[in-house]
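Heads up: the structure comes next, in structure tokens.
Values below: all heavy atoms of this structure, side chains included; hydrogens, waters and symmetry mates excluded. Order of the sequence lines fixes the chain letters, A, B, ..., with proteins taken first and strands second; residue numbering starts at 1 for each chain.
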2 protein chains.
Amino acid sequence: MSQKIFVSAKEVAERAGVSRSAVSRTFTPGASVSEETRRRVMEAAEALGYHVNHLARGLMRNESGIVCLIVSEMDTPYRASLIRAISRHLQNAAKIAMLINTDRSDRSVDEALKLAISYRADASIVLSGMPDKSITDLCVKSGQRLVLINRDEERAGALMINLRDQEAARRAFIAFQRAGCRSFAFANSDVGTPSLMAREEGFRAAGREFGIDVTVERFGPTRYQSGVVLAQRLLTREVRPDAIFCANDLLACGVMDTARHQFKLAVPDDLCVVGFDDIEQSSWSSYQLTTFAQPVDRIAEEAVSWLSQPMTDDGQFCRMTADLVWRESVRGG
Amino acid sequence: MSQKIFVSAKEVAERAGVSRSAVSRTFTPGASVSEETRRRVMEAAEALGYHVNHLARGLMRNESGIVCLIVSEMDTPYRASLIRAISRHLQNAAKIAMLINTDRSDRSVDEALKLAISYRADASIVLSGMPDKSITDLCVKSGQRLVLINRDEERAGALMINLRDQEAARRAFIAFQRAGCRSFAFANSDVGTPSLMAREEGFRAAGREFGIDVTVERFGPTRYQSGVVLAQRLLTREVRPDAIFCANDLLACGVMDTARHQFKLAVPDDLCVVGFDDIEQSSWSSYQLTTFAQPVDRIAEEAVSWLSQPMTDDGQFCRMTADLVWRESVRGG
DNA sequence: CCCGCTCTTGCAAGCGTGTGCAAAGGTTTC
DNA sequence: GAAACCTTTGCACACGCTTGCAAGAGCGGG
């Protein structure tokens, strides 16, 4: 029963009493078909349940309509919301997303990527923190368009979307100062993703600018549990920080929870915390975290719309501002 | 510069001094090629950077290696972790995932699905709560294999993975009883997903079994904010519940936060809460939620491995147990 | 030495499309 | 009425691959 499920253009043509080319042209935007034939073709197609075979179309046109999403730790709230936004925008643009999971850095990633290339994906959107350049190399070598989100890698022909991380870090610093904080710390993971490092550097720079010492601690992956460890390290220092800027909301949640439950500190009275990303959890009443919102939807929109624009030779930068969302984890505001 | 990027089997054949068929056979597992030719082909392929064009291969073989993931609310922690697990397992099986976002129930979903079908996806894995049968109809009609996760829809030829929701609900009920709770409530969203309804029904049934009344409240989508509203409704009742089983961890987080911060209740002293899914947030120290763990990885493994098995005509059921993870939101334990 | 067998290889026919080209048909212009 | 033009249509080839088929190569047995 499973054989011969799909109808081909040929069958539609026969039913409609036209040539196969006419069918093809009916489904090709901008092709020359009379209103009458188009109508008859559409009718026959409807009746037979015809869908253009995109494998064949991709083969001919040498463009598949496939966009691959290269992403690690996709179950992280920020990443997940970005994937969602991108997939929605791709769908609106009549493109389709292929998902490549780069969590394990072993050869399986390479295989998956090669697989995606084998499907002749037109473009790749990289939202993986992993700074593995060989991956993006492979994409470019395969003639794909490339969108890099929150990476500092510079590439001819690619679209690079970044946030003004340093500027945000400076704003966080100033917010802490306004709240009357004295001892400043930055809590980072040790993965060294460009955007995270930019936040750290921005915070350090603000410290230098205002002549205030900044303590920096780094540990583990960019997750809640690392926040716990970072808080334990920072809050047992001789001079206990009363302001912690976290590279990420997940870290911030870990820091807040640990400060409150393990060290019995009140936030924001004893300790001010600022995060980054504005994940959903930050708005939960246990956290009410003051944080910088990534313009997720605008990032997705920008990335997808760029894919439909004609290719330029040089790279293009797109810097966005992360707005500060005031909640309750910093005094004042 | 962009033209003529990909090398074809023909070019590899020329370089290796063999026929195009030999190249094809080299990359077809189980085909008949001598060790010598295989070596020479591989060498040439390596040198030229050849990848089999899966569009063409899919066209010939009438199977594409593409599996589409049909999912709504993919930024929800449970869904995101499931997507991650599935994509990893698919990659190991040398298949590739296409992502279909069914958040908006308008025509764009239909379009996206048709698009996936146009790529001749071999299978669909549905982890969308949305009970839109027309979607799965379309998949089956296109000869796809179908995996339904946490849906009660019954389908010939499909694999249906479900949890023993009712049994879990009964265990929750008993845990509440052991903790000495008197007044039982179930907090549900109003989307009516089968698995959520099964939990509700299981909890109700346990109430009948033990001769205890169960209050049920339903509201909104299955998210944190609904939990807030549900708690407000439940905790202002004349007889205030001291045990709330939530259909979902997100609801549970909303319920706990509201109970604590708005109603100044202590969990678990004044109120016991049990959730479902065991999302990451449940283990955060602000919640320490006792909950049922979905065996995410086993679900993914089961789904993917089934895709590689020969098709049987009748449907196949796979029921898994959700283990109770004891934390601190229920007394005793 | 020939037959039959196994293993390998090339040929060529497809898979379902898009599209250049030329022919056909229709309309306008002079 | 003819010429010039535009629109529409069908033919046929190309895209890169798989695979049935038959022919070739090698080899042992009778």
To the nearest Å, how far apart are Phe6(B) CZ and dC15(D) P? 15 Å
On the nucleotide dG16(C), are OP1 or OP2 found under 4.0 Å from the side-chain N or O atoms that Ser8(A) carries? no
Classify Phe27(B) by what it touches in the nucleic acid, base, sugar-phosphate, or nothing, heavy-atom distance under 4.0 Å. nothing
Side-chain-base donor-acceptor pair under 3.5 Å for Arg25(B) and dG10(C): yes
Between the side chains of Glu43(B) and Arg40(B), is the shortest nitrogen-to-carboxylate-oxygen separation below 4.0 Å, so that they form an ion pair? no
Ignoring backbone atoms, establish whether Ser24(A) has a side-chain N or O less than 4.0 Å from OP1 or OP2 of dT19(C). no
Whole-Å distance between dG16(D) P and Ile117(A) CD1? 17 Å
Residue closer to the 5' end of DNA chain C, Gly17(B) versus Tyr50(A) (nearest nucleotide): Gly17(B)
Nucleotide dA14(D), atom C1' - distance to CZ of Arg20(B) in whole Å: 12 Å
Starting at atom CZ of Arg38(A), determine the distance to atom P of dT7(D), rounded to an integer number of angstrom. 15 Å
Strictly below 4.0 Å: does Ser32(B) bring a side-chain N or O up to OP1 or OP2 of dT8(C)? yes
Which whole-number value in Å describes the distance from Asn62(A) CG to dG16(D) C1'? 10 Å
Considering every strand and a 4.0 Å limit on heavy-atom distances, what is the contact class for Ser34(A): base, sugar-phosphate, or nothing? sugar-phosphate
Take the protein atom CD of Glu36(B) and the nucleotide atom C1' of dC7(C), then report the distance between them rounded to whole Å. 15 Å
Closest to the side chain of Ala56(B), out of dG16(D), dG16(C), dG10(C), is dG16(D)
Leu59(B) has an atom CG; how far is it from atom P of dG16(D), in whole Å? 13 Å
Would you check if the side chain of Gln91(B) reaches a backbone N or O of Asn101(A) as a donor-acceptor pair within less than 3.5 Å? yes
Measure from the side-chain heavy atoms of Thr37(B) and tell me the nearest of dC17(D), dG10(C), dT9(C). dT9(C)
Minimal heavy-atom distance between Ser118(B) and His51(A), with the atoms involved, is OG-CB, 3.8 Å
Less than 6.0 angstrom separating the ring centers of Phe6(B) and Tyr50(B), yes or no? no
I'd like to know if Ser21(A) reaches the base of dC11(D) with its side chain such that a donor and an acceptor end up less than 3.5 angstrom apart. yes
Spacing of Arg61(B) atom CZ relative to dG16(D) atom P, expressed in whole Å: 18 Å
Do the side chain of Ser64(A) and the main chain of Arg120(A) share a donor and acceptor less than 3.5 angstrom apart? yes
Using a heavy-atom cut-off of 4.0 Å across all strands, would you classify Val33(A) as base, sugar-phosphate, or nothing? sugar-phosphate
